[in-house]
Amino acid sequence: MLLKEKVVVITGGAGLNGLGFATARLMAAHGARVALLDLERADPSGAAAQLGPNHLGIVADVTDKSDCTAAAAAVLKAFGRVDALINNAGITQPIKTLEISGDDYDRVLDVSLRGTLYMSQAVLPAMRQQGSGSIVCISSVSAQRGGGILGGPHYSAAKAGVLGLARAMAREFGPDGIRINSITPGLISTDIIKGKLSEEKKAEIAETIPLARLGRAEDIGGACVFLASDLSQYCTGITLDVNGGMLIH
Ligand code: NAD
């Protein structure tokens with residue numbers, strides 16, 4: 001039990017095939033109480049109920065600061081503390097530079113980057129008071145290799161922004177005992193790629209990956225458990241590549 005009695009908040013955590021929910025399942029198995037934050041249409045309460053009786057589902061749009069503040073308050077009211085935050089909510093669009101409108105830019109940047117800032121701002125005061133906490137920011141290999149698989153350049157920019165934000169926050173909050181790290185997943189089979197890549201294309205990509213397969217949601221869950229737990233207690237400001245060797249640098 002690596003997370004016994006720990007309280008974990010996961011944004012975008014209610015999609016049953018997503019990285020966030022796989023992470024929630026693994027964390028619950030390690031003894032954590034989990035709060036799943038997601039849009040209403042993703043039914044966070046229903047997803048939380050699937051984890052077991054001691055978990056919470058909260059409707060929250062991470063692009064809305066007051067939603068983030070209210071969600072953090074609800075978690076503190078229910079569980080009394082917050083030990084880890086997984087900034088996982090994100091959306092992508094498979095379009096090219098010249099096609100990106102202002103609205104596209106806002107939508108993609110707002111969920112990944114603004115959402116990461118707002119949710120971190122919402123939990124940091126409690127973590128500071130506790131003198132401990134771990135924030136994990138889900139970026140993407142797309143930030144490191146310049147996209148090229150699915151997301152457009154604005155997605156790469158959003159995810160690169162997440163890396164910069166996480167590193168700067170790590171520097172700022174290290175003295176408070178709060179660790180802030182990023183994960184850069186490779187290509188993982190979830191709803192985000194559903195219908196966007198043919199089976200043939202996926203097999204073609206798998207052939208270029210040293211571990212010879214696409215990632216599974218659980219692969220990211222394991223990395224999140226590591227970064228949320230005391231196993232990683234001397235890690236802050238790091239970027240953990242979980243990509244099967246797709247990008248080695
Ligand atoms: P997903 O689409 O299954 O999950 C994204 C979740 O975010 C959904 O539950 C969605 O409802 C939620 N969400 C969207 N907008 C939101 C908002 N404004 N407020 C709150 N929640 C919101 O996709 P996934 O593959 O599980 O992606 C999870 C994260 O991992 C994303 O940040 C994504 O960019 C990143 N990522 C995924 C891959 C991959 O290949 N699947 C690779 C690299 C990075």
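In listed order, ligands and their atoms are each counted from 1.
- Checked against a 3.5 angstrom limit, the closest N/O atoms of Leu19 and ligand 1 fall inside it.
- The N/O atoms of Tyr155, backbone and side chain alike, include one that comes under 3.5 Å of an N/O atom in ligand 1.
- Considering each of Leu187, Thr63, Ile192, the one bringing a non-hydrogen atom nearest atom 27 (O) of ligand 1 is Ile192.
- In this structure, Thr11 falls outside the shell of residues with a heavy atom less than 4.0 angstrom from ligand 1.
- For atom 19 (N) of ligand 1, the closest heavy atom belonging to the protein is Val62 N, 3.0 Å.
- The single protein non-hydrogen atom nearest to atom 25 (O) of ligand 1 is Thr190 OG1, 2.5 Å, given as residue, atom name and distance.
- Short contacts between ligand 1 and Val111, defined as distances under 4.0 Å to a heavy atom of the residue, involve ligand atoms 15 (N), 16 (C), 18 (N).
- Of the N or O atoms in Asn88, one or more lie within a sub-3.5 Å distance of an N or O in ligand 1.
- The shell of residues lying under 4.0 angstrom from ligand 1, judged by heavy atoms, includes Ser139.
- When all heavy atoms are compared, the tightest approach of Leu36 to Ala24 is CD2-CB, 3.6 Å.
- Considering only non-hydrogen protein atoms, atom 43 (C) of ligand 1 sits nearest to Ser140 OG, 3.4 Å.
- Considering backbone and side-chain atoms alike, Gly18 places every N or O at 3.5 Å or more from each N or O of ligand 1.
- Annotation: side chain to side chain contact (heavy atoms under 4.5 Å, CB included) contacts of Ser142 (sequence neighbours excluded): Ser140, Tyr155, Ser156.
- The closest approach between Asp38 and ligand 1 falls below 4.0 Å for a heavy atom of the residue.
- Atom CD of Gln130 is surrounded by more than 12 heavy atoms from other residues, nucleotides or ligands within 6.0 Å.
- With contacts defined as side-chain heavy-atom distances shorter than 4.5 Å, the pair Val225/Met27 qualifies.
- Between Ile135 and the choices Thr236, Asn181, Val123, Val82, the side chain to side chain contact (heavy atoms under 4.5 Å, CB included) rule is met once, by Val123.
- Ligand 1 has at least one atom lying under 4.0 Å from a heavy atom of Ala60.
- Among Asp61, Leu39, Ile188, the residue whose heavy atom lies closest to atom 39 (C) of ligand 1 is Ile188.
- Counting only N and O atoms by type, the side chains of Ser101 and Asp103 include no donor and acceptor under 3.5 Å apart.
- Closest approach of Phe226 to Cys235, counting heavy atoms only: CZ-SG, 4.4 Å.
- When Gly186, Gly12, Ala47 are ranked by how near their heavy atoms come to atom 6 (C) of ligand 1, first place goes to Gly12.
- Considering NE2 of His55 and CD of Gln50, their distance stands at 12.0 Å, rounded to 0.5 Å.
- For Phe21, the closest heavy-atom approach to ligand 1 does not fall below 4.0 Å.
- Near Gly90, meaning under 4.0 Å from any of its heavy atoms, are these atoms of ligand 1: 5 (C), 7 (O), 31 (C), 32 (O).
- Tyr105 approaches Ile100 most closely through the heavy-atom pair N-CG2, 4.0 Å.
- Among protein heavy atoms, the minimum distance from atom 14 (C) of ligand 1 is reached at Ile91 CG2, 3.8 Å.
- The N/O atoms of Asn17, backbone and side chain alike, include none that comes under 3.5 Å of an N/O atom in ligand 1.
- Checked against side chain to side chain contact (heavy atoms under 4.5 Å, CB included), Ser198 has the following partners two or more places apart in sequence or in another chain: Glu200, Lys201.
- Side chain of Asp38 to backbone of Pro44: no donor-acceptor contact under 3.5 angstrom is found.
- Thr11 and Asn87 form no side-chain donor-acceptor contact under 3.5 Å, judged by distance and modelled atom types alone.
- Only side-chain heavy atoms of Lys159 come within less than 4.0 Å of ligand 1; its backbone N, CA, C and O stay farther off.
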